[in-house]
Visitor: 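My structure is below; once you've seen it, I'll send some questions.
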Number of protein chains: 2
Amino acid sequence: MAKRSGEKYHVLIDSAVKTFARTGYHRTRVADIAREAGVADGTVYIYFENKEDILVSLFQELMISFVDNLYCELVQCQNATEKLAAIIKYHLSILADNPDRARVTQIELRQIDQVINEGISKPLLKYFQLIEEVIEEGKMQRLYRQNLNTRTARKVVFGAIDEVVTCWVLSSKSYDLTALCEPVYDLLVRGLQEV
Amino acid sequence: MAKRSGEKYHVLIDSAVKTFARTGYHRTRVADIAREAGVADGTVYIYFENKEDILVSLFQELMISFVDNLYCELVQCQNATEKLAAIIKYHLSILADNPDRARVTQIELRQIDQVINEGISKPLLKYFQLIEEVIEEGKMQRLYRQNLNTRTARKVVFGAIDEVVTCWVLSSKSYDLTALCEPVYDLLVRGLQEV
DNA sequence: ATAAAGCGAATGAACATTCATTCATCATAA
DNA sequence: TTATGATGAATGAATGTTCATTCGCTTTAT
């Protein structure tokens, strides 16, 4: 039974992020992660069920802390519009600061398999929920249109941010991602249209 | 040397789309595609370099026809705003009508490997360019804001549409995707904001 | 002394790819 | 017309490699 805790567990998670980012999920051997962590191949199986479980666990760790920290940022905001700006800023900043993490979430985690998909969807759903709550709040505060479909709006908001990050990762991170906070925010709130 | 043409080539492409959609790229064996196409395993290698080449070729075939046909739709539009609506409608309709194709483009093709990535990016770039041209046109026609960053706007537009499709695929296509044309269009053009 | 943690060589299953061979088609020559 | 030969598409069994995973043993901690 996988241990899922302890010092080595976290070392292994970090090594996996680094290795998956460098080599890609399917190309990294479990032995590579073990070497990166400075442990034997078999040790990996004390902490994880199997290779797939490493990817899923890693995402859960990252995503849970992501949502928790984002939540802390949001409670400090006054209204929905401030909150939306905070979401964009937080999302872009975290990944701009952690290129390996960005590569893994944008590219490697999309190697979806039913199992991976199920392991991923729960923590991701929390994030989606958070965005939807902010949109609902905006409607209540009469900042956003009443006829907005919250679910669809969330998809547009998340999709936009996600695509911006993916482009940045694929461009070999050659520019400052956080510079896009304002243009993206503007586009989402005000749209393309001329005032 | 891979042939890349002939009747069997197209049969194989179709079989690959179907098989990748059903089993996922990494889980399908080349033998599965061969069986689906009703040919021997070795025959696949007359038409394709290797397994990866099947995925890349398939995407190129799909994407080239996608862009060509979309282009035909666009020339019939009067202005940029009509064109944007046409892009969304075309993008969503094509995938709504071809669930296997949708699964492959949204999920399986994201199994990015350097090689796959390079094979994919060229035809995709054409689509991006098309979107950017429409945005530029909208700025010229004073329909869209002058201070819009075209590149960023394109990412937001594409990201929004793409996310909407991915959600639909992951939901097992349980609702009518094309019903989202208008809400998505509205969000992109007018944004979230109350008028 | 006992249990837990760690080791890493060995295992074996999975699967992409190869290649010797077959077969149908068609051009050429007798 | 008929035999001969050339071509290359198609076959599918065999190959070889790649790794994830296991397990018997060793070390460390309590």
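The chains referred to below are lettered A, B, ... by the order of the sequence lines, with proteins before strands, and numbering in each begins at 1.
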Visitor: What I want to check is whether the side chains of Glu132(B) and Thr150(B) have a donor and an acceptor closer together than 3.5 Å.
Guide: no

Visitor: For Asn50(B) and dT18(D), give me the distance from atom CG to atom P, rounded to whole Å.
Guide: 16 Å

Visitor: For Thr178(A) and Asp176(A), test the side chains for any donor-to-acceptor distance below 3.5 angstrom and give the result as yes or no.
Guide: yes

Visitor: To the nearest Å, give me how far apart OH (Tyr9(A)) and P (dA4(C)) are.
Guide: 21 Å

Visitor: Give the rounded distance in Å between these two atoms: CG of Leu12(A) and C1' of dA5(C).
Guide: 13 Å

Visitor: For Phe48(B), answer base if it contacts any base atom (sugar-phosphate contacts may also be present), sugar-phosphate if it contacts only those atoms, and nothing otherwise; contact means non-hydrogen atoms under 4.0 Å.
Guide: nothing

Visitor: Mind grabbing the angle between the end helix axes of the helix from dA1(C)-dT30(D) to dA30(C)-dT1(D)? Five pairs an end, 10° rounding.
Guide: 0°

Visitor: Do Leu170(A) and Ile161(B) sit in the same hydrophobic cluster, where Ile, Leu, Val, Met, Phe, Trp and Tyr count as joined when their side-chain heavy atoms come under 4.5 Å apart?
Guide: yes

Visitor: For Tyr47(B) and dA10(D), is the shortest distance between a side-chain N/O and OP1 or OP2 below 4.0 Å?
Guide: yes

Visitor: Rounding to an integer number of Å, can you tell me how far Lys3(A) NZ sits from dG6(C) C1'?
Guide: 11 Å

Visitor: With side chain to side chain donor-acceptor pair (under 3.5 Å) as the rule and sequence neighbours excluded, what pairs involving residues 61-75 of chain B come up?
Guide: Tyr9(B)-Glu61(B)

Visitor: With the side chain of Ile46(A) defined as its heavy atoms from C-beta on, choose the nearest nucleotide among dG6(C), dA20(D), dA9(D).
Guide: dG6(C)

Visitor: Using OP1 and OP2 only, check whether a side-chain N or O of Lys8(A) sits under 4.0 Å from dA5(C).
Guide: no

Visitor: Output the rounded distance in Å from CG (Leu55(A)) to P (dA20(D)).
Guide: 13 Å

Visitor: In whole Å, I'd like the distance from the CG atom of Asp41(A) to the P atom of dT11(C).
Guide: 16 Å

Visitor: Which is true for Val44(A) with a 4.0 Å heavy-atom rule: it touches a base, it touches only sugar-phosphate, or it touches nothing?
Guide: nothing

Visitor: Picking from dC7(C), dA16(C), dT11(D), which would you name as closest to the side chain of Val39(B)?
Guide: dT11(D)

Visitor: Verify whether one side chain among Thr43(A) and Lys8(A) offers a donor that lies under 3.5 Å from an acceptor in the other.
Guide: no

Visitor: OP1, OP2 of dC19(D) versus side-chain N and O of Lys51(A): anything below 4.0 Å?
Guide: no

Visitor: Which comes earlier along DNA chain D counting from the 5' end, the contact point of His26(A) or that of Gly42(A), where each point is its nearest nucleotide?
Guide: His26(A)

Visitor: State which of dG6(C), dT22(D), dG12(D) makes the closest approach to the side chain of Tyr45(A).
Guide: dT22(D)

Visitor: Does one side chain, of Arg145(B) or Asn147(B), offer a donor that lies under 3.5 Å from an acceptor on the other?
Guide: yes

Visitor: If I take atom CZ in residue Arg35(B) and atom P in nucleotide dA13(D), what distance separates them, rounded to the nearest angstrom?
Guide: 12 Å

Visitor: Please give, in whole Å, the distance from dT18(D) P to Arg29(B) CZ?
Guide: 21 Å

Visitor: Quick check with a 6.0 Å cut-off and a 45 degree axis cone: is Lys51(B) positioned over the face of Tyr25(B)'s six-membered ring?
Guide: yes

